[in-house]
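Remarks on the structure that follows.
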Amino acid sequence: MKKLVWAFCALVLLMACNGSKTQVTEEEQIVIQDTVESDTLDLAEAEEALPARADELFDDFIFNYSTDSAVQHVRTFFPLPYSIDGEKTVIKKKEWEHDPLFSNRDFYTVIFNSEDELQLEKDTSLIQVRVEFLNLQKKKAKRYQFKRYQGVGVWCLYGIDEEDMNPEVDAYEFLDFYKQFACDSVFQRQHVTDPLTFITTDPDDDFGVIETTLELDQWFAFRPNLPENELTNVNYGQTYPVGIATKTLCIHGCNNGINNILTFARQGGRWMLVSFEDTSY
């Protein structure tokens, strides 16, 4: 009953906010109404689980969500929709087990079309983000669907899907290339520009970088650890149009200072690594 009261009060508050800058969409009202009827989410607990600043950036939220079991229980809609190849089921709250996502790994990767899109990581206006695990061997994708409900400003997990990777959605052709690039050193050698643009921190300036070049053999000495069979991806809204000529792969460390950016460009009909940035600390 307490949950129903809180949910009802939150619904009234959300409806009262319709004239303000942050409005509740029709879809959100439906979800919240469903919440009131099924008692699946305690909005008061959801807001109290994290300080408000942790919801401003998705990256801050997902760190807390992935490392804190208590946060997962109050920031997940239960019963949670779970779809495997179109076959739908649900996970009940009592069945949920802590999911570390990528927080128990040394790093996670994000795929952009260009370095300009890196600004999406700092976008505080986002309301929907997918955390994806892309199995390059099986060509399967597991996607965690997160949404920030604007009226209350909290990020929540509202669904998980497992499906075949989609050539129209998943940078499919680039991923085929990347898998061979990561696994085959001979192939990799043939797809690195020589010399390779190299950007790294300036040892004489904590906030500066220097741009130089690496010879091909130096790339193999400096290259980062490249995941071979699975990539993670945080999709902040970036799309991957078929035929686009560049891709940027970011490798972000999980509390260990790793920060690498690999830029690939299509040259003469084939993908080439054209720039490597290492600003790890």
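Hydrogens, waters and symmetry mates play no part in the numbers below; they use all other heavy atoms, side chains included.
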Hey, does [Y] have a side-chain heavy atom less than 4.5 Å from the side chain of [X]?
| X | Y | result |
| --- | --- | --- |
| Ile160 | Lys142 | yes |
| Thr197 | Thr263 | no |
| Gln218 | Phe198 | no |
| Phe58 | Val131 | yes |
| Tyr178 | Leu136 | yes |

Excluding sequence neighbours, so at least two apart, what forms ring-ring contact (aromatic ring centres under 6.0 Å, His included) with Phe133? Tyr144
ring-ring contact (aromatic ring centres under 6.0 Å, His included) with Tyr65: which residues, sequence neighbours excluded?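 Checked Tyr65 against ring-ring contact (aromatic ring centres under 6.0 Å, His included); matches are Phe61, Phe146.
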Hydrophobic cluster mates of Val209, side-chain heavy atoms under 4.5 angstrom, ILVMFWY only, any path? Ile199
Apply the hydrophobic cluster definition, ILVMFWY joined by side-chain contacts under 4.5 Å directly or through others, and give me every member besides Met272.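 Joined to Met272, directly or through intermediates: Val274.
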Are Asp164 and Lys140 close enough, and set up right, to give a salt bridge (charged side-chain N to carboxylate O under 4.0 Å, His left out), and what steps lead you there? CA-CA 4 Å; Asp164 292 335; Lys140 302 284 288 188; 3.1 Å; yes
Determine, step by step, whether Glu230 and Arg105 satisfy the salt bridge (charged side-chain N to carboxylate O under 4.0 Å, His left out) criterion, reporting the C-alpha distance in whole Å, the side-chain angles of both residues, the deciding distance to 0.1 Å, and the verdict. CA-CA 12 Å; Glu230 181 183 68; Arg105 306 184 183 197; 2.9 Å; yes
Nearest-0.5 Å distance, CD of residue Gln119 to CZ of residue Phe112: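 Going from the CD atom of Gln119 to the CZ atom of Phe112 covers 9.5 Å.
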Without hydrogens or angle criteria, can the side chains of [X] and [Y] be said to hold a donor-acceptor pair below 3.5 Å?
| X | Y | result |
| --- | --- | --- |
| Tyr236 | Gln128 | no |
| Tyr281 | Asn256 | no |
| Gln145 | Asp161 | yes |
| Thr279 | Asn259 | yes |
| Thr109 | Thr232 | yes |
| His73 | Glu45 | no |

By salt bridge (Lys or Arg N to Asp or Glu O under 4.0 Å) - contacts of [X] (at least two apart):
| X | value |
| --- | --- |
| Lys122 | none |
| Glu163 | Arg143 |
| Asp184 | none |
| Arg223 | none |

Using side-chain contact (heavy atoms from CB on, under 4.5 Å) as the criterion, list what pairs up with [X], not counting sequence neighbours.
| X | value |
| --- | --- |
| Pro195 | Thr213 |
| Pro224 | Trp219, Leu226, Ile251, Asn260, Leu262, Phe276 |
| Glu95 | Ile91, Lys92 |
| Phe63 | Thr67, Asn255 |

Salt bridge or not between Arg75 and Asp68? Use side-chain N to carboxylate O under 4.0 Å. no
For the pair Arg266 and Glu173, find out whether any cationic side-chain nitrogen is under 4.0 Å from an anionic carboxylate oxygen. yes
Run through Tyr158, Trp96, Trp155, Tyr149 and flag the one making a ring-ring contact (aromatic ring centres under 6.0 Å, His included) with Phe77.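 Of Tyr158, Trp96, Trp155, Tyr149, ring-ring contact (aromatic ring centres under 6.0 Å, His included) with Phe77 is met by Tyr149 alone.
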For Glu115, I'd like to know if atom CD has over 12 heavy atoms of other residues, nucleotides or ligands within 6.0 Å. yes
Looking at Arg53, I'd like to know if its CZ atom is crowded, meaning that more than 12 non-hydrogen atoms belonging to other residues, nucleotides or ligands lie closer than 6.0 Å.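 For Arg53, atom CZ is not crowded (no more than 12 foreign heavy atoms under 6.0 Å).
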For Pro227 and Ala182, the nearest pair of non-hydrogen atoms, with its separation, is O-CB, 3.7 Å
State, to 0.1 Å, how close Gln72 and Asp99 come at their nearest heavy-atom pair, and which atoms those are. NE2-O, 2.6 Å
So does Asp60 get a backbone contact from the side chain of Asn64, meaning a donor-acceptor N/O pair under 3.5 Å?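 Yes, Asn64 side chain to Asp60 backbone: donor-acceptor pair under 3.5 Å.
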Using only atom types and a distance under 3.5 Å, with no angle test, would you say the side chain of Gln238 pairs donor to acceptor with the backbone of Val234?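 Side chain of Gln238 to backbone of Val234: a pair is present.
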Hey, do the aromatic rings of Phe181 and Phe187 have their centres closer than 6.0 Å?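 Judged by ring-centre distance (under 6.0 Å), Phe181 and Phe187 do not meet the cut-off.
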Can you confirm if the aromatic rings of Phe177 and Phe264 lie within a centre distance of less than 6.0 Å?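 Yes, the ring of Phe264 comes within the 6.0 Å limit of the ring of Phe177, centre to centre.
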